[in-house]
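In what follows, every heavy atom counts, from backbone to side chain, and hydrogens, waters and symmetry copies are set aside.
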Amino acid sequence: MREQLLAAEKVKAIEWRDGTLYLLDQRLLPQQEVWLAYDSAAEVADAIRDMVVRGAPAIGIAAAYGLVLGVRARLAEGDADWQVALEEDFTVLGESRPTAVNLFWALERMRERLQRLKAGDDALALLEAEAIGIHQSDREANLTMAQLGMELIRRHQGNPQNILTHCNTGALATGGFGTALGVIRAAYLEGLVERVYADETRPWLQGSRLTAWELLGEGVPVTLNADSAAAHLMKTRGITWVIVGADRITANGDVANKIGTYQLAVNAMHHGVRFMVVAPSSTIDMGLESGDDIPIEERDGRELLEVGGRRVAADVEAFNPVFDVTPADLIDAIVTEKGIVERPDAAKMAQLMCRKRLH
Ligand code: MRU
């Protein structure tokens, strides 16, 4: 399965080459595939804020490389106190987006590596290795989660399933081939998927622009639907699973994910459709007790008021929260690289976090 999954890895969103970070500009997909090059921490922070790169694991990886660029610049300044100056880069990267905890997790890992430096160490090489390690371990986590999630689908239903997904959780959002979309890919390879329904994911259209593009590229049968069609689809199209990613999971198993996920979970419960969340342990924030504590990003109202840069809405004020919180009791399973938590609660989440990764 691992080899088959690796062979299905076609799209990449992040590349680190010869000390430069390259990001596939996701704002332009699927019409144009343009790679942008980054040489400074501040530029990477802008790229995260402007959604050149997006998706929780991917922004964590980009931030780690951004920090490496910061280290290089600070060392080049020749100041003995370069680590003090580097705090500015930590701050600028940390302020780029607030909800996905992977960003803060990755910066924390970089900080810990920095604190372990000894006199005479090659700081730049060691921090670069740490960022590459973060990138590679996310790819590995994707592979493990794909296998676990696929087995969960097989355990509950053996026949090909119609699956509903939200936002984009694939290669564009991670360091590998995806979290929720990785599970869907693995299940498709095993003959367990009849069709994927991709929510359009207003207002940024991650579903219609990115998920549909990724799945079409691999020949996975995919149909696009308006977000507001989800309940109707569950009722009429034999959906058996909703499978989504996460931006932050709290100690009690509440899940923040793309706006619209919460209403999917409520609808899934009503229709007896199973609800699976797929996320690496870097998305779990045991420091927050419940989803009520998660900062929810609100983006510019123009994302709602305009379509393709052209104003379509009346002269009205817009409220644009881009994530919501699904309470743990609406979730059937959280799949991570450390294992699966079914019917999550605080005790089960704490047990999970004590486990080692399965790969
Ligand atoms: O605003 P985005 O596109 O960064 O939001 C992305 C999501 O909500 C994804 O579902 C989540 O990050 C999981 S990606 C593996």
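Remark: the Asn252 side chain and the Ser290 side chain contain no N/O donor-acceptor pair separated by less than 3.5 Å. The closest side-chain donor-acceptor pair between Asn320 and Glu303 falls under 3.5 angstrom. For the residue pair Glu200 / Ser208, no side-chain donor-acceptor distance below 3.5 Å is found, with atom types taken as modelled. A donor-acceptor pair shorter than 3.5 Å cannot be found between the side chains of Arg248 and Thr283.
Note that CD1 of Ile153 and CH2 of Trp241 are 6.5 Å apart. Values are rounded to the nearest 0.5 Å. Arg116 contributes atom CZ, which lies 7.0 Å from atom CD of Glu112 (distance to the nearest 0.5 angstrom). Interatomic distance, Arg97 CZ to Arg49 CZ, rounded to the nearest 0.5 Å: 10.5 Å. The CG atom of Asp285 sits 12.0 Å away from atom CG of Asp247, with the distance rounded to the nearest 0.5 Å. We find the OG1-CG distance between Thr326 and Asp324 to be 5.5 Å, quoted to the nearest 0.5 Å. Note that NE2 of His156 and CD of Glu151 are 12.0 Å apart. Values are rounded to the nearest 0.5 Å.
Phe275 and Met145 sit in two unconnected hydrophobic clusters of ILVMFWY residues. Membership requires side-chain heavy atoms under 4.5 Å apart, directly or through other members. Grouping the Ile, Leu, Val, Met, Phe, Trp and Tyr side chains by contacts below 4.5 angstrom, directly or via other members, places Leu5 with Ile340. In the hydrophobic clustering of ILVMFWY residues, with side-chain heavy atoms under 4.5 Å counting as a link, Phe177 and Met150 come out together. Hydrophobic clustering of Ile, Leu, Val, Met, Phe, Trp and Tyr side chains at less than 4.5 Å, counting indirect connections, keeps Ile184 apart from Val273. No continuous path of ILVMFWY side-chain contacts below 4.5 Å connects Leu352 to Trp105, so the two sit in separate hydrophobic clusters.
Only one option out of Lys338, Arg355, Glu337 pairs with Ser281 in a side chain to side chain donor-acceptor pair (under 3.5 Å); it is Glu337.
Salt-bridge formation is detected for the pair Arg343/Asp332: a Lys NZ or Arg NE/NH1/NH2 atom is positioned less than 4.0 Å from an Asp or Glu carboxylate oxygen. Classification of Glu342 and Arg274 as a salt-bridged pair fails, no side-chain N sitting under 4.0 Å from a carboxylate O. We find that Arg202 and Asp227 are not joined by a salt bridge, their nearest charged nitrogen and carboxylate oxygen being 4.0 Å or further apart. For the pair Lys258 and Asp199, the salt-bridge criterion is not met [side-chain N within less than 4.0 Å of a carboxylate O]. A salt bridge between Glu214 and Arg185 is present, with a side-chain N of the basic residue lying under 4.0 Å from a carboxylate O of the acidic one. We find that Glu130 and Arg109 are joined by a salt bridge, their nearest charged nitrogen and carboxylate oxygen being less than 4.0 Å apart. The pair Glu140-Arg2 meets the salt-bridge criterion, since a charged nitrogen lies less than 4.0 angstrom from a carboxylate oxygen.
Nearest heavy-atom pair across Asp39 and Glu43 is N-OE1, 3.0 Å. Taking each heavy atom of Val68 and Ala131 in turn, the nearest pair found is CG2-CB, 3.7 Å. The two atoms that bring Gly339 and Leu148 nearest to each other are CA-CD1, 3.9 Å, heavy atoms only. Across Ile134 and Ala106, no two heavy atoms sit closer than the pair CD1-O, 4.0 Å. Residues Val44 and Ala62 share a closest heavy-atom pair of CG1-O, 3.4 Å. Here the closest heavy-atom approach between residue Pro160 and residue Glu194 is recorded as CB-OE1, 3.6 Å.
Counted within 6.0 Å of NZ on Lys118, heavy atoms from surrounding residues, nucleotides or ligands total 12 or fewer; the atom is thus considered open. Atom OH of Tyr197 has more than 12 neighbouring heavy atoms from other residues, nucleotides or ligands inside a 6.0 Å radius. Residue Gln4 places its CD atom among more than 12 non-hydrogen atoms of other residues, nucleotides or ligands, all under 6.0 Å distant. Heavy-atom contacts from other residues, nucleotides or ligands closer than 6.0 Å to CZ of Arg311 number more than 12.
Thr211 places no side-chain N or O within 3.5 Å of a backbone atom of Ala198 that could act as its donor or acceptor partner. Looking only at distances, no side-chain donor or acceptor of Asp81 sits under 3.5 Å from a matching main-chain atom of Val84. Of the possible polar contacts, one joining the Arg54 side chain to the Asn168 backbone as a donor-acceptor pair under 3.5 Å is found. The backbone N or O of Leu29 lies less than 3.5 Å from a partner atom in the side chain of Arg209, making a donor-acceptor pair. Using modelled atom types, one side-chain atom of Gln161 and one backbone atom of Asn159 make a donor-acceptor pair closer than 3.5 Å. A donor-acceptor distance shorter than 3.5 angstrom exists from the side chain of Thr169 to the backbone of Leu181, with no hydrogens or angles considered. A donor-acceptor pair is defined here as one N or O able to donate and one able to accept, closer than 3.5 Å; no such pair exists between the side chain of Asp121 and the backbone of Ala123. Not a single donor-acceptor pair under 3.5 Å links the side chain of Arg27 to the backbone N or O of Val52. Checked by atom type and distance alone, the side chain of Arg72 pairs as donor or acceptor with a backbone atom of Gly19 at under 3.5 Å. Formation of a donor-acceptor pair under 3.5 Å by the Asn142 side chain with backbone atoms of Asp138 is found in this model.
Applying the side chain to side chain contact (heavy atoms under 4.5 Å, CB included) criterion to Arg17, with sequence neighbours excluded, gives Glu15, Tyr22.
Within the 4.5 Å cutoff, side-chain heavy atoms of Trp82 are placed close to those of Leu86. Side-chain atoms of Met276 and Val244, non-hydrogen and from C-beta on, never get closer than 4.5 Å to each other. Side-chain contact between Glu33 and Leu24 is present, with at least one heavy-atom pair separated by less than 4.5 Å. Taking 4.5 Å as the limit, every side-chain heavy atom of Thr250 sits out of range of all side-chain heavy atoms of Asp293. Looking only at side-chain heavy atoms (C-beta outward), Trp213 and Val11 come within less than 4.5 Å of each other. Side-chain contact between Thr336 and Ile284: present, with at least one pair of heavy atoms (C-beta onward) separated by less than 4.5 Å. Tyr188 has its side chain within reach of Pro221: a pair of non-hydrogen atoms, C-beta onward, lies under 4.5 Å apart.
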query = Are Met234 and Asn267 close enough, and set up right, to give a side chain to side chain contact (heavy atoms under 4.5 Å, CB included), and what steps lead you there?
reply = CA-CA 8 Å; Met234 288 182 203; Asn267 278 317; 3.8 Å; yes
